[in-house]
Amino acid sequence: MSSENEILQKAYDTLVAIDEDGTAEAVAEWISADLDPVTLLNKLAEAMTEVGVRFETMEYYLPQVMIAAEIMNSSSNALSEKMAASGETSATKGTVVIGTIEGDIHDLGKNIVAGMLQASGFKVVDMGRDVPVTTMVQAAKDNNADIVAGSALMSTTMPYLGDIVKLLEGMGIRENHKVMVGGAPVSQDYADSIGADAYALNSHQAVEAAKKLVSK
Amino acid sequence: MLDIINLYQKSVEADKIEEKNFDNRILPKRLNELAKEYDITYNPDEIVPQDMDMVDSMFKAAMELIVDVGIYNISTNSVIKLEESEIKEQLRLLPGEKTYGVGNEKVTVVQRQPGDKRAPTTFGGANGGVISEQYYAKVMESYAREPLASGIHCGSVATLHGMEMKARSPIEMLGARAEAVWTREGMRMAGRPGMPMVGIMSSVTSEGQIFGDGPGAMRPEDMHLLCLLNDMKIDWDCLKKAVNTSQNSLTVDGCMCPIMGGYTGGPATTAIANIAEGIVAYMVFGAASYSICPPFNPMSGEGSSAAPTFVSAHTGAALKRNTKGLYSNYVFPSAGACTEMMIDEIAVYAGAITAGGIDILFGGAGTCGTEVDAYTGMDSRITAEIGIAAAKMSMADMNEFCVELEKTYAPTTTAGNAPKGKKFYECYDLEKVTPSQEYVDLWAKSKAKLTDLGMEFEF
């Protein structure tokens, strides 16, 4: 039987290598050895950080990030079941409801940000593309999200980002959810003009901005 | 052009496939296999095509990609499959030339080849960059006043009567019409009302785009842009636009905006995917021409460094050597107007794709089209003159030129620190619609530098 350190290293190595079966085996071994789930979750989070670094340096591309995020999700679910059985809860950095806004089907940039947020330990509720403002806000409310993140690639869909802020205000829940925006036509000035809490130029900035928002 | 009813039928009758499975597994897996099988690699020291065997291999790989993975319809979550014979039959129908515009400004674009000594055509313009309504017609006039600009690529109208454009709203349709009317007004003011325009950029929906046609606005002889979705995907909106253009005999340009490092991976596999998407655009939209943006880097937003330049130049070379399709390209420097860096970026990107056989240069449009009012006619003068000069150079010399010059700006652009430059109203006389002396002098200085590096200018 493998030692605790060997299983941790196997989990790290296989996740960085995007080896789905290998990570699943390591997680199963960990659970059957009745070891602390939080320790393995932390190691897997380290591996996801490395995946993110490799994406930023173009050693990895989006499919690897997205598959790594899937592996991380299934591993977290398996470990969460174990934790729930023993009355523990798993910690995430926070919950982000993310979507490409109403009218816009250009979701590649949003997918990159979603993958990198997951890689950085956030629980991500990905609403997909062309998401109505009301759906985004309702999802934020239902998931008790810390952050609502909207992207727009077109200047004609960008105004809907401002509607997220307006609807949150209209529903009287603005103080419950931070708003982060991004996308090609969006700028810091535009984010300020609509009352968003953060603007991100790319996935790296989005992760840093999200960390700051949840620490406030 | 493929039969739209047949495309519809295939979409609704095909088995369902989860989109993320197509994106994350099916498409990238096959792309990687094909790159390995055909030994297609990216070499940063060869951004201008030098190895025509590899260029042709890219085309073969692209053909296999279409047959093997098909075209994903996100409206039905299904894949449209095509036989190789169907694709070849469609490619045989491509005309190899196309006429745009009317009257004195009618321009016929005849397919160039890699290394062709004939200069490419330039359609100046903002490439979709956002322009304030008070400057829109003046900016368009600045392009029309450039004799080397044979057409104009529209920008996006920022507001209408002070109100923001909003997709799927009535103002989106009115904005689309305003974009075309104001572009035509700019042409009229310059005495060139028959120039072809490329649009519509102010709307994303099919109803908005279709409303760009009308009296004093888009004509059948203008380039109607029909965009594929990233990557190897379409939706009903794409096909609705194609129904409009085909049923109304409107001139079409198929287009695509790739991303570097996305589902299509790195430079080699992105080039294969771009070629495949070009073939798809010719077939699905009935387009005589296909245009792409440079594959932008998702971290920095830039598209003028070695990797995206490699992709665009090789995509063009492969399509030109193996089809009779026309190929155009969006020149999108990261730096803004009236900067030396913008000129250097145009020299490399437009130079490389000209050597690769490009037919039409769109732009250039500084700041990658992200800043408001950052576009001028002078930018298209620079692009056109560089296109003419680049066509005179051998492909080997062009490569050496591009590799050396790219090194001088790439660290800045890839770090996302390119200078934003000046706005239209800061580097143009708004009454005379002429560039500032500063901008004219800057171009003269840059031309001297580029001449020292091997470019030979006619003007």
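Side-chain atoms are counted along with the backbone in the values below, which use heavy atoms only and exclude waters and symmetry mates. The sequence lines fix the lettering, A, B, ..., with proteins before strands; numbering per chain opens at 1.
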**Q** Select one option (side chain, backbone, both, neither) describing which atoms of L153(A) are under 4.5 Å from chain B's heavy atoms.
**A**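 Neither part.
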**Q** Less than 4.5 Å to any heavy atom of chain A: does that hold for the side chain of E19(B), its backbone, both, or neither?
**A**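 Only the side chain of E19(B) comes within 4.5 Å of chain A.
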**Q** If you round to the nearest 0.5 Å, how far is CG of L108(A) from CG of D23(B)?
**A**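 Spacing of CG (D23(B)) from CG (L108(A)) equals 8.0 Å.
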**Q** Supply the atom-to-atom distance Y61(A) OH to N32(B) CG, rounded to the nearest 0.5 angstrom.
**A**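 So the OH of Y61(A) and the CG of N32(B) are separated by 9.0 Å.
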**Q** Looking at G208(B), G129(B), G266(B), S202(B), which makes the most heavy-atom pairs under 4.5 Å with chain A?
**A**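 If we count pairs closer than 4.5 Å to chain A, G266(B) comes out on top.
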**Q** With a 4.5 angstrom heavy-atom cut-off, is it the side chain or the backbone of P28(B) that approaches chain A, or both, or neither?
**A**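 Side chain only.
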**Q** So for K20(B), is it side chain, backbone, both, or neither that comes closer than 4.5 Å to the heavy atoms of chain A?
**A**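 Looking at K20(B), just its side chain touches chain A.
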**Q** So, taking the atom named CG in L229(B) and the one named CZ in R129(A), what distance separates them when rounded to the nearest 0.5 Å?
**A**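 Here the interatomic distance stands at 7.5 Å.
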**Q** Could you measure the distance from the CE atom of M201(B) to the OG atom of S155(A)? Nearest 0.5 Å is fine.
**A**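 OG of S155(A) is found 9.0 Å from CE of M201(B).
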**Q** Quick one: what part of Y60(A) sits under 4.5 Å from any heavy atom of chain B, side chain, backbone, both or neither?
**A**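 Neither part, no heavy atoms under 4.5 Å.
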**Q** Please report the shortest heavy-atom distance between M260(B) and M58(A), naming the atom on each side.
**A**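 Looking at all heavy atoms of both residues, the closest pair is O-CE, 3.5 Å.
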**Q** With distance as the sole test, does Y160(A) use its side chain to make a donor-acceptor pair with the main-chain N or O of A167(B) at under 3.5 Å?
**A**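 Yes: the side chain of Y160(A) pairs with the backbone of A167(B).
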**Q** Counting only heavy atoms closer than 4.5 Å, note whether D163(A) contacts chain B via side chain, backbone, both or neither.
**A**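 Only the side chain of D163(A) comes within 4.5 Å of chain B.
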**Q** With a 4.5 angstrom heavy-atom cut-off, is it the side chain or the backbone of I74(B) that approaches chain A, or both, or neither?
**A**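 When you check distances to chain A, only side chain atoms of I74(B) fall under 4.5 Å.
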**Q** Nearest 0.5 Å please: distance from the CG atom of N230(B) over to the CG atom of D107(A).
**A**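 Going from the CG atom of N230(B) to the CG atom of D107(A) covers 8.5 Å.
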**Q** Show, in sequence, the C-alpha distance, side-chain angles and deciding distance for R168(B) and D130(A), and conclude whether the side-chain contact (heavy atoms from CB on, under 4.5 Å) test is met.
**A** CA-CA 11 Å; R168(B) 293 188 179 149; D130(A) 191 6; 2.6 Å; yes
**Q** Quick check: closest heavy atoms across F55(A) and G261(B), and the distance to 0.1 Å?
**A**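 Closest approach of F55(A) to G261(B), heavy atoms only: CE1-O, 3.5 Å.
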**Q** Most heavy-atom pairs under 4.5 angstrom with chain A, which of E164(B), E371(B), M299(B)?
**A**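 Counting heavy-atom pairs under 4.5 Å, the top option is M299(B).
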**Q** At a 4.5 Å cut-off on heavy atoms, which part of S156(B) comes close to chain A: side chain, backbone, both, or neither?
**A**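 S156(B) touches chain A through side-chain heavy atoms alone.
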**Q** Please classify the contact between D235(B) and chain A as side chain, backbone, both or neither, with a heavy-atom cut-off of under 4.5 Å.
**A**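 D235(B) touches chain A through side-chain heavy atoms alone.
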**Q** Under 4.5 Å heavy-atom distance to chain B, tell me which part of Q205(A) shows up: side chain, backbone, both or neither.
**A**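 Neither part.
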**Q** Enter the distance from I171(B):CD1 to T156(A):OG1 here, rounded to the nearest 0.5 Å.
**A**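 Answer rounded to 0.5 Å: 11.5 Å.
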